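See structure below.
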Amino acid sequence: MTNQKIALITGGARGIGRAAALDLASSGWSVAICYRTSAREAAEVSDAMQQAGVDTLALQSDVSDPDRATDLVRQVNQQWGRIDALIHGAGPYHRVSLLKETNEGWHSMFDNNLHPVFYLTQAVIPIMRERKWGRIVCFSMANAEQLIAQPQLTAHYLAKVGVLGLVRTLSKSLARHHITVNAISPGFIDSGSMGEEELKATSRNIPAGYVGSTADTSSVALYLLSDEAGYVTGANIPVSGGWGW
């Protein structure tokens, strides 16, 4: 069993999850990343973390399946003897008019954005409770608290609203066990998928005048995982440059 702190990050092969994994490894954490289809990217992240001199795991799983989500937590706990932090980084989305949404598309947004927060948290709570210390970080979106109409992003948006409700309930339920549960709500973040022209066009709608980076979200995640944030729970921190309200 390692003496380093242990983090499990879903969606850790790409984007926001990847940045958090690399930053935690640089800070001396042992990090397990979970990916569903991005095997090549997961291997690259794992190699980079190993070069930082920490223990790493890259595990393939579909955490929309409750049994596989539970098994993922079991694998990490068996390997390292504990899990100190859980970061819910996985969160795919699609844009489609609500009037053209399919049953499959509707369910997939909840199955991949909201339900895994429940499955994984439920599995990790006994591990954290035994040690009387834990950090859980979820991702919503910057305007989820506004409960505005989202005709092109309805299912994803409602799933992210649900994440905030679950974070607040979990935070109150787990506070006495010294387990904090918080949300980060990104706005537009450049995770490498937008071209230069799209970045420029998007920037015009952001009060700060530019699209954020994955480092912006990762720095907030690292704070929420720290000892200094032990009294911060149930919070929702927008990382959006003023966009979203």
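Note that this is a predicted model, so its numbers are computed, not measured.
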*asked:* Counting C-beta onward and ignoring hydrogens, is there a side-chain heavy-atom pair between His94 and Glu101 closer than 4.5 Å?
replied: yes

_Test side chain to side chain contact (heavy atoms under 4.5 Å, CB included) on Ile136 and His88; report intermediate values, then the result._
CA-CA 8 Å; Ile136 299 171; His88 297 276; 3.9 Å; yes

*Do the side chain of Thr10 and the main chain of Ala90 share a donor and acceptor less than 3.5 angstrom apart?*
yes

*Could you go through the side chain to side chain contact (heavy atoms under 4.5 Å, CB included) check for Thr217 and Ile189 one step at a time?*
CA-CA 8 Å; Thr217 55; Ile189 300 295; 4.0 Å; yes

*With the 4.5 Å side-chain cut-off for hydrophobic clustering, are Val96 and Leu99 part of the same group?*
no

*asked:* Show the nearest heavy-atom pair for residues Trp106 and Leu158, with the distance to one decimal.
replied: CH2-CD1, 3.9 Å

*asked:* Tell me whether the count of non-hydrogen atoms from other residues, nucleotides or ligands lying under 6.0 Å of CZ in Phe110 goes above 12.
replied: yes

*With the side chain counted from C-beta on, respond yes when Val232 and Tyr223 share a heavy-atom pair under 4.5 Å apart, and no when they do not.*
yes

_Single-linkage hydrophobic cluster Leu222~Ile237, side-chain heavy atoms < 4.5 angstrom_ = yes

*If you look at every heavy atom in Val163 and Phe139, which pair is closest and at what distance?*
CG1-O, 3.9 Å

*Separation between OG1 of Thr154 and CZ of Arg95, rounded to the nearest 0.5 Å*: 10.5 Å

*Are Val137 and Tyr231 connected in a single hydrophobic cluster, I mean Ile/Leu/Val/Met/Phe/Trp/Tyr linked by side-chain heavy atoms less than 4.5 Å apart?*
no

*Any ion pair linking Asp65 and Arg36 (charged N to carboxylate O, less than 4.0 Å)?*
no

*asked:* I'd like to check Ser213 versus Asp190 (side-chain heavy atoms, cut-off strictly below 4.5 Å). Are they in contact?
replied: no

*Heavy-atom check, side chain of Asn143 versus side chain of Trp243, under 4.5 Å*: yes

*asked:* Can you confirm whether Asp227 is buried at CG, in the sense that more than 12 heavy atoms of other residues, nucleotides or ligands lie under 6.0 Å from that atom?
replied: yes

_Salt-bridge criterion met for Asp71 and Arg68 (N-O under 4.0 Å)_ = no

*Quick one: CG on Leu57 to CD on Gln79, what's the gap to the nearest 0.5 Å?*
5.0 Å

*Is the number of heavy atoms from other residues, nucleotides or ligands under 6.0 Å of Gln152 CD greater than 12?*
yes

*How long is the gap from CD on Gln4 to OG on Ser27, to the nearest 0.5 Å?*
11.0 Å

_Asn77: partners by side-chain hydrogen bond (donor to acceptor under 3.5 Å, both in side chains), with sequence neighbours left out_ = none

*Does Trp133 share a hydrophobic cluster with Ile83, counting links as ILVMFWY side-chain heavy atoms below 4.5 Å and allowing steps through other members?*
no

*asked:* Between Gln51 and Asp47, is there a side-chain donor-acceptor contact under 3.5 Å, judged purely by atom types and distance?
replied: no

_Determine whether a donor-acceptor pair (N or O, by modelled atom type, separation under 3.5 Å) exists between the side chain of Gln146 and the backbone of Trp245._
no

*Nearest 0.5 Å please: distance from the OG atom of Ser191 over to the CD1 atom of Ile16.*
7.0 Å

*Are the side chain of Thr202 and the backbone of Leu199 linked by a donor-acceptor contact shorter than 3.5 Å?*
no

*So, Tyr157 side chain and Leu147 main chain: donor-acceptor pair closer than 3.5 Å or not?*
yes

*Tyr35 reachable from Val117 in the ILVMFWY side-chain graph, under 4.5 Å edges*: no

*So do Leu225 and Lys5 actually touch side chain to side chain, heavy atoms under 4.5 Å?*
no

_Side-chain donor or acceptor of Thr121 paired with backbone N/O of Phe118 under 3.5 Å_ = no

*With rounding to the nearest 0.5 Å, note down the distance linking CD1 in Ile184 to OG in Ser240.*
12.5 Å

*Per the salt bridge (charged side-chain N to carboxylate O under 4.0 Å, His left out) rule, which among Arg135, Arg131, Lys132 passes with Asp84?*
Arg131

*Under 3.5 Å, side chain of Thr70 to main-chain N/O of Pro66, donor-acceptor pair present?*
yes

*Can you find a pair of side-chain heavy atoms, one from Leu166 and one from Cys138, that are under 4.5 Å apart?*
no

*Nearest 0.5 Å, what's the OG-CG distance between Ser46 and Asp55?*
10.5 Å

*Identify the two heavy atoms, one from Asn113 and one from Pro92, that lie closest to each other, and give their separation to 0.1 Å.*
ND2-O, 2.9 Å

*Can you see which heavy atom on Ala144 is nearest to which on Val161, and at what distance?*
O-CG2, 3.5 Å

*Would you name the heavy atoms of Gly209 and Ser203 that are closest together and state the gap between them?*
O-CB, 3.5 Å

*Can you check whether Leu174 reaches Met128 side chain to side chain, under 4.5 Å on heavy atoms?*
no

*Take atom CD of Gln78 as the centre, draw a 6.0 Å sphere, and report whether it contains more than 12 heavy atoms from other residues, nucleotides or ligands.*
yes

*Does Val31 reach the side chain of Val45, with side-chain heavy atoms less than 4.5 Å apart?*
no

*Pair listing, side-chain hydrogen bond (donor to acceptor under 3.5 Å, both in side chains) test, anchored in residues 171-187, at least two apart*: Ser185-Asn236

*If you look at every heavy atom in Leu164 and Ala183, which pair is closest and at what distance?*
CD2-CB, 3.7 Å

_Would Met49 and Ile33 count as a side chain to side chain contact (heavy atoms under 4.5 Å, CB included) here? Give the steps._
CA-CA 11 Å; Met49 291 191 293; Ile33 61 170; 4.1 Å; yes

